[in-house]
> 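Mind having a look at this structure? Questions to follow.
Predicted, not measured: the structure shown is a model, and the values here were computed from it.
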There are 2 protein chains.
Amino acid sequence: MFALLKPGEKRPLASLDRSLIAGLSVFEGIAAADLDRIVGQARSIRIAKDQPVFEQEQEAHSFFLLLDGHVRVVKSTPDGHEVTVRYISPGELMGIASALGLTTYPANAIAAVDCVALAWPSRLWPAFAASFPSFSSNIYKTVGSRLQDAHARVIEMSTEQVEQRVAHALLKLIKQSGRKTEEGILIDFPISRQDVAEMTGTTLHTVSRLLSAWEDQELVKSGRQRIVVVEPHRLLVIAEGRATKS
Amino acid sequence: MFALLKPGEKRPLASLDRSLIAGLSVFEGIAAADLDRIVGQARSIRIAKDQPVFEQEQEAHSFFLLLDGHVRVVKSTPDGHEVTVRYISPGELMGIASALGLTTYPANAIAAVDCVALAWPSRLWPAFAASFPSFSSNIYKTVGSRLQDAHARVIEMSTEQVEQRVAHALLKLIKQSGRKTEEGILIDFPISRQDVAEMTGTTLHTVSRLLSAWEDQELVKSGRQRIVVVEPHRLLVIAEGRATKS
DNA sequence: GATGGAATTTGCCTCAGCGCAAACAAGACG
DNA sequence: CGTCTTGTTTGCGCTGAGGCAAATTCCATC
């Protein structure tokens, strides 16, 4: 199920760097000893690019903490549509269905690049919640902010035009996973027009047209599965709907 | 802040009917003694029609359990749009910001009719979570299902046409708050075209046109702030997009 | 029962964005 | 180095649904 990374990768597997992990917001306020007890029960896994971390409807056997890479969480509808729920960045949790009383995963999670994650068996959750209150409280904060995000998304879909939504999506992506380059801020994983369309409720054609237009205005530079935001500020103007339609 | 009901209302205030409350899913699996300890710390409040239960951005001083009535939860955007997040029915929680680590309410809650609710001070939450694990677990189940709902909503907005979304909204409403009458299933509180528009991300004009068309087909009967679904099954056909556009 | 305000209906016009289709470019792979 | 797959671009036409505006109906209230 979990394919291996290409050989030559230099990421930690057996010997996890606890000091790095301890800095993550999920573990905020947790004593070192407790942290060890929590992390000690996880196994470390690798997921190759384009492989699933977990799948919709599948029994939720584990929950995960992404250490390295990027994961796309997608919901598939019965009639064949795909809607991207969110992208997971390093340090974020995923597959926390069990904390919400679900027994199956509500979405598919696909590695956008080769990934490393910690995995805990879901059955440990009740014990964790009881023994490490700050851990569970941190996790519920995550859930809370995802609920907020989802509502914000509903509001965007209800009140904004496609152009604004796509602009917002790019801004979110560079905020979450942007890497400065000399050209501008690069979205640090392969992302296609189709992917952006699935995030914003539109079509790859419309996204392509928008990116082309923005490219002409030197707002972004983009290529195959690659988007660089050159002028975040002007993009924000569009996102907020204060753009001067010239 | 909390206006009174009209005189002559016969609802319980001081003497709460515990046996009724005990049946609610929020309290599932909780010992009678614990239930008493939880409910004992709540105060019972009344909210008059059109009055706020709590308001967006306000400090989240309390969380609530609706006992009677219907509450509309609405988010306002900076640019004046209003998006209805959900309707709360009797037995449901609202204002549970504190359980998610928020200090302010993320939305406005307005009584759609005169309401009765229990209110707990938010500061009790950590103690409740620690002392009554099934209570907190039930609450997080609620949160989980709301997260699911929100995602479902995003998917609807991304993949369905307005007609389907409005049909879905009516079906959800009759499921949640439908009352059988000889005409059909009545949505049991005043709801305007505008309200439906705010639930579905469209305009009152479009909702009005749709309801008129459905009225002609004898699918629904509607009037001023009043909607009766006559043929839920045919409405479901529309909602699923299997309608024969005649 | 007259008045005023709120909710609803409807016609007409416009356009953002989708669907379709075809061409094109860039890697991947042998 | 040619070939093939996958992602991208772009033109064209169409239409679902919103915007605007005016008329109408229903209630609440005095």
> Would you mind writing out the side-chain donor-acceptor pairs for residues 228-235 of chain B within the sub-3.5 Å range, not counting sequence neighbours?
from: B:Glu231; atom 1: OE1; to: B:Arg234; atom 2: NE; distance (Å): 3.4
from: B:Arg234; atom 1: NH2; to: B:Gln217; atom 2: O; distance (Å): 2.7

> Kindly say whether A:Ser145 contributes a backbone atom to a donor-acceptor pair with the side chain of A:Gln148 at under 3.5 angstrom?
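Answer holds: no.
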> For the pair made of CG in A:Asp50 and P in C:dG27, what is the distance, rounded to whole Å?
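Between P of C:dG27 and CG of A:Asp50: 17 Å.
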> Could I get the full list of ring-ring contact (aromatic ring centres under 6.0 Å, His included) partners for A:Phe189, not counting sequence neighbours?
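ring-ring contact (aromatic ring centres under 6.0 Å, His included) check on A:Phe189 returns A:His70, A:Tyr87.
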> Can you find a side chain N or O atom of A:Thr202 that sits less than 4.0 Å from OP1 or OP2 on C:dG17?
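Checking A:Thr202 against C:dG17: no side-chain N or O falls below 4.0 Å of OP1 or OP2.
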> Checking the side chain of B:Thr206 only, and the main-chain atoms of B:Thr202 only, is there a donor and an acceptor separated by less than 3.5 Å?
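The answer is no, because no donor-acceptor pair under 3.5 Å joins these two groups.
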> Rounded to the Å, how far apart are A:Gln225 CD and C:dA26 P?
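Taking CD of A:Gln225 and P of C:dA26, I get 14 Å after rounding.
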> Would you say the side-chain atoms of A:Asp114 pair up with the backbone N or O of A:Lys49, donor to acceptor, closer than 3.5 Å?
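Present.
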> For residues 168-175 of chain A, dump all side-chain donor-acceptor pairs below 3.5 Å to protein atoms at least two apart in sequence or in another chain.
from: A:His168; atom 1: ND1; to: A:Glu160; atom 2: OE1; distance (Å): 3.0
from: A:His168; atom 1: ND1; to: A:Glu160; atom 2: OE2; distance (Å): 3.4

> Tell me, which of residues 203-216 of chain A have any heavy atom that sits under 4.0 Å from an atom in DNA chain D?
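A:Leu204, A:His205, A:Ser208, A:Arg209, A:Ser212, in order of number.
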> From CD of A:Gln164 over to C1' of C:dA16, roughly how many Å is that when rounded to an integer?
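Between C1' of C:dA16 and CD of A:Gln164: 12 Å.
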> State whether A:Asp195 and A:Arg72 are salt-bridged, where the test is any N-O pair (Lys NZ or Arg NE/NH1/NH2 against Asp/Glu carboxylate O) under 4.0 Å.
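The answer is yes: the pair qualifies as a salt bridge.
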> Would you find more than 12 non-hydrogen atoms of other residues, nucleotides or ligands less than 6.0 Å from B:Glu240 atom CD?
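Result for CD/B:Glu240: enclosed.
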> Donor-acceptor pair, B:Arg153 side chain versus B:Met199 backbone, under 3.5 Å?
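Checking the backbone N and O of B:Met199 against the side chain of B:Arg153, a donor-acceptor pair under 3.5 Å is found.
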> Between atom NE2 in B:His81 and atom C1' in D:dG19, what is the gap in whole Å?
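Distance, rounded to whole Å: 12 Å.
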> Answer yes or no: is there a donor N or O on one side and an acceptor on the other, between the side chain of B:Arg179 and the main chain of B:Asp188, under 3.5 Å?
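No; zero donor-acceptor contacts below 3.5 Å.
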> By side chain to side chain donor-acceptor pair (under 3.5 Å), which residues pair with B:Gln194, not counting sequence neighbours?
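Listed in chain order: B:Glu198.
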> Does the plane of the ring in A:Phe64 sit parallel, tilted or perpendicular to the ring in A:Phe54? Use 30° and 60° as the thresholds.
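Parallel: the ring planes of A:Phe64 and A:Phe54 meet at under 30°.
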> Can you sort out which residues in residues 70-78 of chain A have a heavy atom within less than 4.0 Å of DNA chain D? Ascending by number, please.
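Contacts with DNA chain D under 4.0 Å: none.
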> Over how many whole Å does the gap from A:Arg226 atom CZ to C:dA26 atom P extend?
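It works out to 13 Å between those atoms.
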> Once side chain to side chain donor-acceptor pair (under 3.5 Å) is applied, do any residues pair with A:Arg193, and if so which ones, sequence neighbours excluded?
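Result, side chain to side chain donor-acceptor pair (under 3.5 Å) vs A:Arg193: A:Ser222.
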> Report the distance from atom CZ of B:Arg165 to atom C1' of D:dG16, rounded to the nearest whole Å.
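That distance rounds to 11 Å.
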> Under the side chain to side chain donor-acceptor pair (under 3.5 Å) rule, what pairs show up with a residue in residues 75-86 of chain B, not counting sequence neighbours?
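Residue pairs passing side chain to side chain donor-acceptor pair (under 3.5 Å), neighbours aside: B:Ser76-B:Glu82, B:Ser76-B:Asn108, B:Thr77-B:Asp79, B:Asp79-B:His81, B:Arg86-B:Glu92, B:Arg86-B:Asp149.
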> In whole angstrom, give the distance that lies between atom NZ of B:Lys49 and atom P of C:dA6.
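Going from B:Lys49 (NZ) to C:dA6 (P), I get 14 Å.
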> At a heavy-atom distance below 4.0 Å, what parts of residues 183-197 of chain A sit against DNA chain D?
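Correct list: A:Ser192, A:Arg193.
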> Determine which pairs satisfy ring-ring contact (aromatic ring centres under 6.0 Å, His included) with at least one residue from residues 201-229 of chain A, sequence neighbours left out, and list them in order.
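Passing the test, one end in residues 201-229 of chain A: no pairs.
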> Take the C1' atoms of the five end pairs on each side of the helix from C:dG1-D:dC30 to C:dG30-D:dC1, get both axes, and report the angle to 10 degrees.
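Nearest ten degrees gives 40° for this helix.
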> How close or far is atom P of D:dT15 from atom CD of B:Gln161, stated in whole angstroms?
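The distance from CD of B:Gln161 to P of D:dT15 comes to 12 Å, rounded to the nearest Å.
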> Without swapping roles, check the side chain of A:Ser212 against the backbone of A:Ser208 for a donor-acceptor pair under 3.5 Å.
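Yes, the answer is positive, given that a donor and an acceptor are paired below the 3.5 Å cut-off.
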> Taking N or O atoms only and anything under 3.5 Å, show me the protein contacts with nucleotides 23-30 of chain D, one pair per line.
from: D:dC26; atom 1: O2; to: B:Arg224; atom 2: NH2; distance (Å): 3.3

